[in-house]
Amino acid sequence: QFDISFADMELLWQQAQNLLALPALQRFFDPQQYRGACNEMSYVNARGELRRIDRLVEFDDEVWVLDYKTGSPSDSASYSAQMEEYRVAMQAVYAGKIIRCALLYSDGTLCEISAPTTKS
């Protein structure tokens, strides 16, 4: 359906299995460690545009928004606006919980995108 060769599909499958096996990431994929999770969660933003979060994981006091990336972790800063939009949207849904956003790269690198800080 997506015109992916068998060899490429095997590589993608192995990458996914490696991510699921990493101890540092288990809390995001092991149902015994979180309250709830959703893959490909759709929502409509303030401009009426359809958006899709790759993975959302709810814990007792925080919610993580994960976005899968295949590039290099050095590119993380270029996704800050996208992740901030996700953060703002999920703050409206999960009021009272901390919303944390991170990029998850195919090599297992998790890069948290910090919320913008304001000067007082």
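On a predicted model such as this, the values are computed, not experimentally measured, just so you know. Here, residue 1 is the first one in the sequence, and each next residue gets the next number.
With 3.5 Å as the limit, one finds no donor-acceptor pair spanning the side chains of N18 and Q15. Side-chain contact check for D30 and Q26: no donor-acceptor pair (N or O, by modelled atom type) lies under 3.5 Å. Donor-acceptor pairing under 3.5 Å is lacking for the side chains of Y105 and S72.
Summarising the geometry, atom CZ belonging to R55 is positioned 5.5 Å from atom OH belonging to Y68; distances are rounded to the nearest 0.5 Å. Q91 contributes atom CD, which lies 10.5 Å from atom CD1 of I98 (distance to the nearest 0.5 angstrom). Separating the CZ atom in F29 from the CG atom in L66 is a distance of 6.0 Å, to the nearest 0.5 Å. Here the SG atom belonging to C101 is positioned 7.0 Å from the CD atom belonging to E84, to the nearest 0.5 angstrom. Here S42 contributes atom OG and L50 contributes atom CG; the two are 5.0 Å apart, rounded to the nearest 0.5 Å. We find the CD1-CE distance between I53 and M83 to be 8.0 Å, quoted to the nearest 0.5 Å.
Between W64 and E58 there is no side-chain heavy-atom pair separated by less than 4.5 Å. At a threshold of 4.5 Å between non-hydrogen side-chain atoms, the residues M90 and M41 count as touching. Between F6 and D8 the shortest side-chain heavy-atom distance does not fall below 4.5 Å. Side-chain contact between Y79 and K69: present, with at least one pair of heavy atoms (C-beta onward) separated by less than 4.5 Å. The closest side-chain heavy-atom distance from E49 to V44 is not below 4.5 Å.
For E62 and R27, the salt-bridge test passes: some basic side-chain N is under 4.0 Å from an acidic carboxylate O. Taking a cutoff of 4.0 Å between a charged side-chain nitrogen and a carboxylate oxygen, R87 and E85 do not qualify as a salt bridge. A salt bridge between K97 and D61 is absent, with no side-chain N of the basic residue lying under 4.0 Å from a carboxylate O of the acidic one.
Using cut-offs of 30° and 60° for the angle between ring planes, the Y43 and Y86 rings count as perpendicular.
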Test log, rule side-chain contact (heavy atoms from CB on, under 4.5 Å), inputs R100 and V65 = CA-CA 6 Å; R100 298 178 71 177; V65 174; over 6 Å; no

After noting the C-alpha distance and the side-chain angles of V63 and L56, does the key distance pass the side-chain contact (heavy atoms from CB on, under 4.5 Å) rule?
-> CA-CA 7 Å; V63 173; L56 184 132; 3.7 Å; yes

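For the side-chain contact (heavy atoms from CB on, under 4.5 Å) with L104, the qualifying choice from D54, T109, L110 is L110, the only one to do so.
V93 and Y34 fall into different hydrophobic clusters, where Ile, Leu, Val, Met, Phe, Trp and Tyr are joined by side-chain heavy atoms under 4.5 Å apart, directly or via other members. Tracing side-chain contacts under 4.5 Å through hydrophobic residues (I, L, V, M, F, W, Y), one never reaches I99 starting from F28; they form parts of separate clusters. By the criterion of side-chain heavy atoms lying less than 4.5 angstrom apart, applied directly or through intervening Ile, Leu, Val, Met, Phe, Trp or Tyr residues, Y94 is not grouped with V88; the two fall into different hydrophobic clusters.
Annotation for D107 and P73: closest pair OD2-CG, 4.4 Å, computed over non-hydrogen atoms.
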